[in-house]
Every structure is written in C-alpha cells, then in structure tokens.
Amino acid sequence: MGTTLSHPVLRHKHLLGIADLSREDIATILDAADGMREISRRRIKKVPTLRGLTVVNYFAEPSTRTRISFELAEKRLSADSVNISVAGSSASKGETLLDTMRNIQAMKPDVIVVRHGSSGVPHLLARHVEASIINAGDGTHEHPTQALLDAYTIRDVKGKLEGLKVLICGDIAHSRVARSNALLLTKVGAKVTFFGPRTMLPPQVEKAFDVRVATGRLADAVGWADVIMMLRIQRERQGASLYPSDREYAEVFGLTAKVLARAKKDAIVMHPGPVNRGVEISPEVADSERSLILDQVENGVAVRMAVLYLLCGAPAMEG
Ligand code: CP
C-alpha cells in the first residue's frame, strides 16, 4: 500500500522556537503530522523518506518522551541516528559545548537535535554548525516540538484551534512548555490564560505574551476553559522553594476530580509530562477519559517525524 505525502517545504533551516514560525508554517507541520501518524499506526512503521540522512540527538538534560520520540521518528523515516548525552560524552572531561559540536559537525550530520539546560543554546549552535538544529527544549526558553504536538492533539480532538480557550496552569515562570504553547496558540487565534501562584508567574507576563492571567484557586478558573493544560513544578529550575509544601500546592492549584467537575463537560485535560501525581494533577484525573496525556505522547512521534521531514526538504514520500 503506497502513501504519497506532499506538503509545502518549510522555509526554515532550523527549528529553534515557535517564535520563528508563521501561522502557515504551523499549519504545514500539523497537516504533515497526519500522514506521519498514519505511518506510526501501521504494522510496519517505516518509510524510506530520510534514507541516507544522519541525525545526532544531543541531550544534556534528562528526557524520556522527547528523546525516545525523536529517535523513533528518525527510525520510522529511515534516517541513521546517533544518541549522545553529557554523561557519556567528553563534555564530562571538560570539553566545551562548541568544541563538542564542532567535532560532531566534522562527522557531517544533517540534523542535530539538542536539549540543554541553558536558554539559547540551540540558537548559538545554529550560528556555529552546518547541520540543521532542532530545539528539543532549552532552559526556560522554548520547547517548540512540545507546543506543536500539543496543538496537534487539541486540533485532533476539538477539530480547530482558533477561538478555543486554553488555561495553562502551574509553574509558568520556569516552563518552556508554557512559553512555546502561549506563542503558538495565540498565533493561531486561540485565547490563552496563564494560571498559577503569583510566585510562579513571570514578572510583566501580560506584556510579554498576548495572554490573560488568573490567580486564586484553580476551582474558580477552570470553568472558562475548553482545554486545561497542567504543568509540572520545575523544581530543578527553582532556587528556593516557591510554595510551602506539595500538599498545600495540591489543595489550591492541583487538578482533582472535584475541581474538574467545575469545568465544561467537554473540556479536555493535558499535561506534557513527566507528571507529579498527586501534586499538580491527581492520579484519578491523569488516568481519566478526559486526559489526553498518552495521546500527546503518541502524537509527539508524528509531529517530530513531520518536523524532520519538512526541515530535510520534504521529498515525495512513498511507503
Ligand atoms: N514533555 C517532555 O519534554 O518530556 P521529557 O522531558 O520526558 O522529554
């Protein structure tokens, strides 16, 4: 059985952030992901589209979903892929990031997927290496493929993005997911409200983003939303603790079945993972039919396949 996918080629060499994408670019990626998900649902999940291309996955921060889904995306498109992490590289012997990348570049990869704890690293690498750079999450700055897979998941269930009301809840200040989602969703005409404790909202947030801000109790905020997107508390990026205890956080800001009962009947629940069960979301809600958490993970492979395919020139695909 053959499938031919043909999409306008993304006119970008790199995917550094949602900030660089137009509304049309976003639609192109999401449309391409439809065909990629179809491939991922076949018994034989492999097409020769990127045969002969080499992708290096460089992860300097922990990851389960992003790392595995990029690797699966590369394999399903028949690219050759190599994975390195800081612990297993000569960065642990003191080699600088740029020296590491220049050495990787000397081996002629076509794409480098990079996750790093410092904001701006993908942008720095894009200026110093020949390969296409894909940002797999940089510090508190951006996580563009997460926002794309979230948008794909919302569009898949709700049939549209424009006009939807999306409540993004939790540790906004430290969340690259919140930032990329706010940029993407407002670009495509959705309405975004950030909700969280004041200590976890960035200063001047309403000036920096085209969003509303809500504080108080989550139970009073959820009624507005078509989509409730919960965020993990980014303890690794906080200095002092920004809340008294997990129990107190969960009482005021956690999404429980009782809080969700105040939401619209068709409101959907999302979370990028990893989930702190019982803190920002109760197990009962995370595992409920309203939760799209595992759909997000499935769609992450399709969206990353689409990004690789479009950045690498979108040749006609026969499968
Ligand atoms: N959502 C996300 O980025 O998860 P990982 O950190 O496991 O990749």
Side-chain angles (χ1 to χ4, degrees), residues 15-18 29-30 33 37 40 55-76 81 83-88 111-122 133-154 156 166 168-185 200 227-238 255 268-277 279-281 285-287 291-308:
L15 177 59
L16 302 178
I18 298 298
I29 295 168
L30 301 192
R37 191 171 67 173
S40 288
V55 183
V56 173
N57 301 308
Y58 181 86
F59 277 69
E61 272 195 334
S63 170
T64 297
R65 282 145 288 270
T66 312
R67 183 172 174 154
I68 294 176
S69 61
F70 264 114
E71 195 178 343
L72 284 176
E74 291 148 17
K75 289 188 188 318
R76 287 179 188 175
S81 59
N83 300 304
I84 55 169
S85 55
V86 167
V111 180
I112 300 175
V113 177
V114 60
R115 168 168 288 193
H116 204 281
S118 298
S119 300
V121 160
I133 301 293
I134 299 178
N135 182 356
D138 64 322
T140 57
H141 179 229
E142 278 233 38
H143 194 350
T145 56
Q146 180 69 47
L148 286 161
L149 76 87
D150 289 340
Y152 181 85
T153 305
I154 296 169
D156 194 41
V166 183
I168 304 181
C169 309
D171 185 3
I172 307 288
H174 300 95
S175 175
R176 55 197 177 204
V177 174
R179 193 179 159 81
S180 287
N181 262 297
L183 290 169
L184 190 156
L185 291 166
M200 294 185 193
V227 179
I228 304 167
M229 191 180 290
M230 303 306 296
L231 301 173
R232 180 176 68 88
I233 298 169
Q234 310 262 310
R235 291 194 184 90
E236 72 276 24
R237 300 190 209 286
Q238 296 178 0
L255 187 62
I268 55 176
V269 175
M270 302 176 72
H271 192 305
V275 169
N276 288 147
R277 285 175 174 261
V279 183
E280 71 271 8
I281 190 167
V285 173
D287 300 333
S291 163
L292 300 181
I293 293 172
L294 295 180
D295 302 83
Q296 291 170 263
V297 177
E298 179 191 6
N299 295 336
V301 180
V303 163
R304 288 169 179 131
M305 288 170 76
V307 166
L308 287 160

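Indexing begins at 1, ligand by ligand and atom by atom, following the structure's order.
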A.B. asks: Does any part of the side chain of Tyr152, heavy atoms only, come nearer than 4.5 Å to the side chain of Arg37, both counted from C-beta?
C.D. replies: yes

A.B. asks: Are there any protein N or O atoms under 3.5 Å from the N or O atoms of ligand 1? List them with distances, or say none.
C.D. replies:
residue: ligand 1; atom: 1 (N); partner: Gln146; partner atom: OE1; Å: 3.0
residue: ligand 1; atom: 1 (N); partner: Pro272; partner atom: O; Å: 2.8
residue: ligand 1; atom: 1 (N); partner: Gly273; partner atom: O; Å: 3.2
residue: ligand 1; atom: 3 (O); partner: Thr66; partner atom: OG1; Å: 2.9
residue: ligand 1; atom: 3 (O); partner: Arg115; partner atom: NH2; Å: 3.0
residue: ligand 1; atom: 3 (O); partner: His143; partner atom: NE2; Å: 2.9
residue: ligand 1; atom: 4 (O); partner: Arg65; partner atom: NE; Å: 3.0
residue: ligand 1; atom: 6 (O); partner: Arg115; partner atom: NH1; Å: 2.8
residue: ligand 1; atom: 7 (O); partner: Thr64; partner atom: N; Å: 2.8
residue: ligand 1; atom: 7 (O); partner: Arg65; partner atom: N; Å: 3.0
residue: ligand 1; atom: 7 (O); partner: Arg65; partner atom: NE; Å: 3.1
residue: ligand 1; atom: 7 (O); partner: Arg65; partner atom: NH2; Å: 3.0
residue: ligand 1; atom: 8 (O); partner: Ser63; partner atom: OG; Å: 2.6
residue: ligand 1; atom: 8 (O); partner: Thr66; partner atom: N; Å: 2.9
residue: ligand 1; atom: 8 (O); partner: Thr66; partner atom: OG1; Å: 2.6
residue: ligand 1; atom: 8 (O); partner: Arg115; partner atom: NH1; Å: 3.4
residue: ligand 1; atom: 8 (O); partner: Arg115; partner atom: NH2; Å: 3.4

A.B. asks: Using 4.0 Å as the upper bound for N to carboxylate O, is an ion pair formed by Arg67 and Glu71?
C.D. replies: no

A.B. asks: Determine the minimum heavy-atom distance between Ala60 and His116, stating which atoms define it.
C.D. replies: CB-CD2, 3.6 Å

A.B. asks: Does NZ or CZ of Arg304 come closer than 6.0 Å to the centre of the six-membered ring of Phe70, within 45° of the ring's axis?
C.D. replies: yes

A.B. asks: Regarding Glu142 and Arg115, does a basic nitrogen lie under 4.0 Å from an acidic carboxylate oxygen?
C.D. replies: no

A.B. asks: Could you tell me the separation between the OG atom of Ser175 and the CD1 atom of Ile233, rounded to the nearest 0.5 Å?
C.D. replies: 12.0 Å

